[in-house]
Novice: 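Got a structure for you, written out below as structure tokens; questions coming shortly.
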Amino acid sequence: MRGGQGAARAPVLQFTNCRILRGGALLREDLWVRGGRVLDPEKLFFEERRVADEQRDCGGCILAPGFIDVQINGGFGVDFSQATEDVGSGVALVARRILSHGVTSFCPTLVTSPPEVYHKVLPQIPVKSGGPHGAGVLGVHLEGPFISREKRGAHPEAHLRSFEANAFQDVLATYGSLDNVRIVTLAPELGRSHEVIRALTALGICVSLGHSVADLGTAEEAVQSGATFITHLFNAMLPFHHRDPGIVGLLTSDQLPPGRHIFYGLIADGMHTNPAALRIAHRAHPKGEWPGRAGVGRSAGGTGPEVPSPAGLVLVTDAVPALGLGNGRHTLGQQEVEVNGLTAYVAGTKTLSGSIAPMDACVRHFLRATGCGVESALEAASLHPARLLGLEKHKGTLDFGADADFVVLDDSLHVRATYILGELVWQAEVARQ
């Protein structure tokens with residue numbers, strides 16, 4: 001319900017005794033919701049002369065936009081890269097379970113697979129709004145198979161592909177359809193990649209650079225062709241070198257098109273990226289400026305000196321089907337994964353194979369590792385991924401008119417409740433009355 005008389009007649013909810021993340025700061029204000037959207041209380045008072053139909057005391061908690069995970073391979077025993085008979089039920093299970101971690105929207109991610117898997121799986125993962133049934137599906141993230149053999153990581157070498165003479169037709173033949181696709185990760189050094197990047201971006205698909213041995217010049221050309229994202233920065237790419245920093249150098253490149261921002265994913269699970277590297281990524285791209293908004297946030301608690309909020313830093317989980325299951329052997333697409341403690345490896349190797357950390361844990365670890373401030377950590381999991389996908393008017397924000405997708409957090413950033421379109425979809429047991 002996005003407007004009209006129906007929305008005007010809907011009950012008004014007023015969330016009180018809370019701190020709202022809005023405009024890069026934690027504000028001691030009430031949150032007003034009607035018809036699934038954030039409401040401007042002044043218009044309610046002065047134009048409609050109405051008050052709230054219901055008040056909900058938040059107990060001093062933080063209200064932040066719902067988390068958006070743009071790279072999640074599965075979880076709770078569900079593998080998005082497995083061509084099962086009922087892919088949709090598996091996606092629905094993950095969508096329900098991640099509500100407890102504050103995720104209100106996500107991009108189911110498929111790792112490198114044979115064409116027949118894409119042809120069977122992709123039509124079964126349509127874009128879907130969130131609600132009591134689970135987090136919303138924003139579209140699929142296809143990570144591979146057009147990636148580097150040298151930096152394939154956990155992707156099976158047998159199913160990697162290069163672009164043929166008619167590159168974009170080869171992409172279509174491989175995937176079968178792009179109807180439900182939101183992000184494609186590819187290696188920009190592959191021949192004809194720029195032709196593919198231009199074709200994908202013309203369809204509104206976000207192109208991400210990753211699993212690559214590209215030098216900086218090649219990466220810059222890819223951005224000039226339309227690429228806007230870096231898949232799990234530092235992982236599965238050439239390490240930083242002072243004479244050619246590779247894809248990492250995009251964070252400070254002066255060769256990007258005017259007004260173009262590069263976004264970059266970070267896996268802040270405590271395993272994939274050393275805390276020092278997290279701090280480098282946070283501090284190396286601190287511009288924070290965005291059209292219509294000064295991108296600065298305050299330190300924890302909403303007071304104190306202002307600190308830069310990197311405009312392009314996007315937290316991702318890169319979670320694998322073993323998320324939530326504990327030690328043992330699990331699948332990831334065409335390969336087996338061995339989980340030991342907090343780490344997932346390709347079975348029989350020491351190659352990291354995704355993460356088993358949920359989004360709220362990544363937010364907490366990123367905050368501790370970087371000292372960036374609560375606001376910046378929360379925006380990295382909400383506002384920034386929304387901007388990456390061009391959804392910032394409706395998702396990733398609690399500005400007036402936005403979808404009322406939000407998470408209720410205590411001061412230690414543990415999730416107490418999750419709301420989608422103003423409706424309670426998950427609540428911690430200890431918080432229930």
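The shown structure was predicted, so the numbers you read here are calculated from the model rather than taken from an experiment. Note that these values count all heavy atoms, side chains included, but never hydrogens, waters or copies made by symmetry.
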Novice: Looking at residues at least two apart in the chain, or sitting in another chain, which of them share a ring-ring contact (aromatic ring centres under 6.0 Å, His included) with F234?
Specialist: none

Novice: Whether the side chain of N17 engages the backbone of C58 through a donor-acceptor N/O pair (distance < 3.5 Å, no angle test) should be reported.
Specialist: no

Novice: Can you tell if the side chain of T331 reaches within under 4.5 Å of the side chain of V337, non-hydrogen atoms only?
Specialist: no

Novice: Let me see the working for F80 and V91 under side chain to side chain contact (heavy atoms under 4.5 Å, CB included), right down to the final yes or no.
Specialist: CA-CA 7 Å; F80 297 145; V91 174; 3.8 Å; yes

Novice: Starting at CD1 of I147, measure out to OG1 of T185 and round the result to the nearest 0.5 Å.
Specialist: 8.5 Å

Novice: Should I183 and L389 be marked as a side chain to side chain contact (heavy atoms under 4.5 Å, CB included) after you check the CA-CA gap, both sets of side-chain angles, and the distance that decides it?
Specialist: CA-CA 9 Å; I183 304 173; L389 299 178; 4.0 Å; yes

Novice: Is the side chain of Q427 donor-acceptor paired with the backbone N or O of A417 at a distance under 3.5 Å, no angle test?
Specialist: no

Novice: Between CG of D399 and CG of L383, what distance do you get to the nearest 0.5 Å?
Specialist: 8.5 Å

Novice: A side-chain contact here means heavy atoms from C-beta on lying under 4.5 Å apart; do L122 and L142 qualify?
Specialist: yes

Novice: Ignoring hydrogens and geometry, is there a side-chain-to-backbone donor-acceptor pair from R37 to G401 under 3.5 Å?
Specialist: yes

Novice: Does Q55 use its side chain to pair, donor to acceptor, with the backbone of Q14 at less than 3.5 Å?
Specialist: no

Novice: Can I get a per-line list of side-chain donor-acceptor pairs under 3.5 Å for residues 94-105, giving both atom names and the distance, sequence neighbours left out?
Specialist:
unit_1: S100; atom_1: OG; unit_2: R97; atom_2: O; d: 3.0
unit_1: H101; atom_1: ND1; unit_2: D360; atom_2: OD1; d: 2.9

Novice: When rounded to the nearest 0.5 angstrom, what is the spacing between CZ in R368 and OG1 in T370?
Specialist: 10.5 Å

Novice: Mind checking what makes ring-ring contact (aromatic ring centres under 6.0 Å, His included) contact with F76, not counting sequence neighbours?
Specialist: none

Novice: Sub-3.5 Å donor-acceptor pair from the side chain of Y118 to the main-chain atoms of S113, do we have one?
Specialist: yes

Novice: Do D405 and K395 meet the salt-bridge criterion of a basic N to acidic O distance under 4.0 Å?
Specialist: yes

Novice: Once salt bridge (charged side-chain N to carboxylate O under 4.0 Å, His left out) is applied, do any residues pair with E29, and if so which ones, sequence neighbours excluded?
Specialist: R22

Novice: Going from OH on Y175 to CG on D179, what distance comes out if it is rounded to the nearest 0.5 angstrom?
Specialist: 14.5 Å

Novice: Taking the side chain as every heavy atom from C-beta outward, state whether L238 and I247 have any atom pair closer than 4.5 Å.
Specialist: no

Novice: Quick check: does any side chain N or O of D79 sit under 3.5 Å from a backbone N or O of P321, one acting as donor and the other as acceptor?
Specialist: no

Novice: Would you check if V140 and T109 make a side-chain contact, meaning some heavy-atom pair closer than 4.5 Å?
Specialist: no

Novice: Looking at A64 and L409, what are the two nearest heavy atoms and their distance?
Specialist: CB-CD1, 3.9 Å

Novice: When you compare the side chain of L26 with that of V374, does any pair of heavy atoms fall below 4.5 Å?
Specialist: yes

Novice: Which pairs with one or both residues in residues 318-327 pass side chain to side chain donor-acceptor pair (under 3.5 Å), sequence neighbours excluded?
Specialist: Q71-D318, N73-D318

Novice: Do we see a donor-acceptor contact under 3.5 Å between the side chains of H272 and D269?
Specialist: yes

Novice: When you measure from the side chain of S225 to the backbone N and O of V223, does any donor-acceptor pair fall under 3.5 Å?
Specialist: no

Novice: Write down the atom of V316, the atom of C362, and the distance for their closest heavy-atom approach.
Specialist: O-SG, 4.3 Å

Novice: List, one per line, each side-chain donor-acceptor pair under 3.5 Å for residues 125-138, sequence neighbours excluded.
Specialist:
unit_1: H133; atom_1: NE2; unit_2: S129; atom_2: O; d: 2.9

Novice: Between the side chain of R56 and the main-chain N/O of L13, is any donor-acceptor distance below 3.5 Å?
Specialist: no

Novice: One pair to check against side chain to side chain contact (heavy atoms under 4.5 Å, CB included): L378 and I62. What are the steps and the verdict?
Specialist: CA-CA 10 Å; L378 293 172; I62 295 169; 4.1 Å; yes

Novice: Applying salt bridge (charged side-chain N to carboxylate O under 4.0 Å, His left out), name anything that partners E338, two or more places apart in sequence or on another chain.
Specialist: R329

Novice: Not counting sequence neighbours, which residues clear salt bridge (charged side-chain N to carboxylate O under 4.0 Å, His left out) with E47? List them please.
Specialist: none

Novice: What residues, two or more places apart in sequence or in another chain, satisfy ring-ring contact (aromatic ring centres under 6.0 Å, His included) together with F406?
Specialist: F15, Y419

Novice: Looking at E54, I'd like to know if its CD atom is crowded, meaning that more than 12 non-hydrogen atoms belonging to other residues, nucleotides or ligands lie closer than 6.0 Å.
Specialist: yes

Novice: Taking R28 for the side chain and C18 for the main chain, is one N or O donor matched with an acceptor at less than 3.5 Å?
Specialist: no

Novice: Is the number of heavy atoms from other residues, nucleotides or ligands under 6.0 Å of L342 CG greater than 12?
Specialist: no

Novice: Decide yes or no for E379 and L313: does some side-chain heavy atom of the first lie under 4.5 Å from some side-chain heavy atom of the second?
Specialist: no

Novice: To the nearest 0.5 Å, tell me how far L251 CG sits from I230 CD1.
Specialist: 5.5 Å

Novice: Could you tell me which non-hydrogen atom of T273 sits nearest to which non-hydrogen atom of L233, and how far apart they are?
Specialist: OG1-O, 4.5 Å

Novice: Hey, does F146 have a side-chain heavy atom less than 4.5 Å from the side chain of V184?
Specialist: no

Novice: Quick check for you: to the nearest 0.5 Å, what is the distance between H141 atom NE2 and L110 atom CG?
Specialist: 10.0 Å

Novice: Which residues pass the side chain to side chain donor-acceptor pair (under 3.5 Å) test with E220, sequence neighbours left out?
Specialist: S253

Novice: Which donor-acceptor pairs under 3.5 Å do side chains of residues 201-214 form with protein atoms, sequence neighbours excluded?
Specialist:
unit_1: T201; atom_1: OG1; unit_2: I197; atom_2: O; d: 2.9
unit_1: T201; atom_1: OG1; unit_2: R198; atom_2: O; d: 3.1
unit_1: S208; atom_1: OG; unit_2: F229; atom_2: O; d: 3.3
unit_1: S208; atom_1: OG; unit_2: T231; atom_2: N; d: 3.1
unit_1: S208; atom_1: OG; unit_2: T231; atom_2: OG1; d: 2.7
unit_1: H211; atom_1: ND1; unit_2: K151; atom_2: O; d: 2.8
unit_1: H211; atom_1: ND1; unit_2: R152; atom_2: O; d: 3.4
unit_1: H211; atom_1: NE2; unit_2: E143; atom_2: OE2; d: 2.8
unit_1: H211; atom_1: NE2; unit_2: H155; atom_2: NE2; d: 3.4
unit_1: H211; atom_1: NE2; unit_2: H232; atom_2: NE2; d: 3.3
unit_1: S212; atom_1: OG; unit_2: E189; atom_2: OE1; d: 2.7
unit_1: S212; atom_1: OG; unit_2: A214; atom_2: N; d: 2.9

Novice: Step by step, work out the side chain to side chain contact (heavy atoms under 4.5 Å, CB included) result for F366 and C372.
Specialist: CA-CA 8 Å; F366 181 74; C372 63; 3.7 Å; yes

Novice: What pairs with D410 under salt bridge (charged side-chain N to carboxylate O under 4.0 Å, His left out), at least two apart in sequence or on another chain?
Specialist: none

Novice: Is there side-chain contact between H330 and V339, with at least one heavy-atom pair below 4.5 Å?
Specialist: yes

Novice: Would you call D215 and R243 a salt bridge, using N to O less than 4.0 angstrom?
Specialist: no

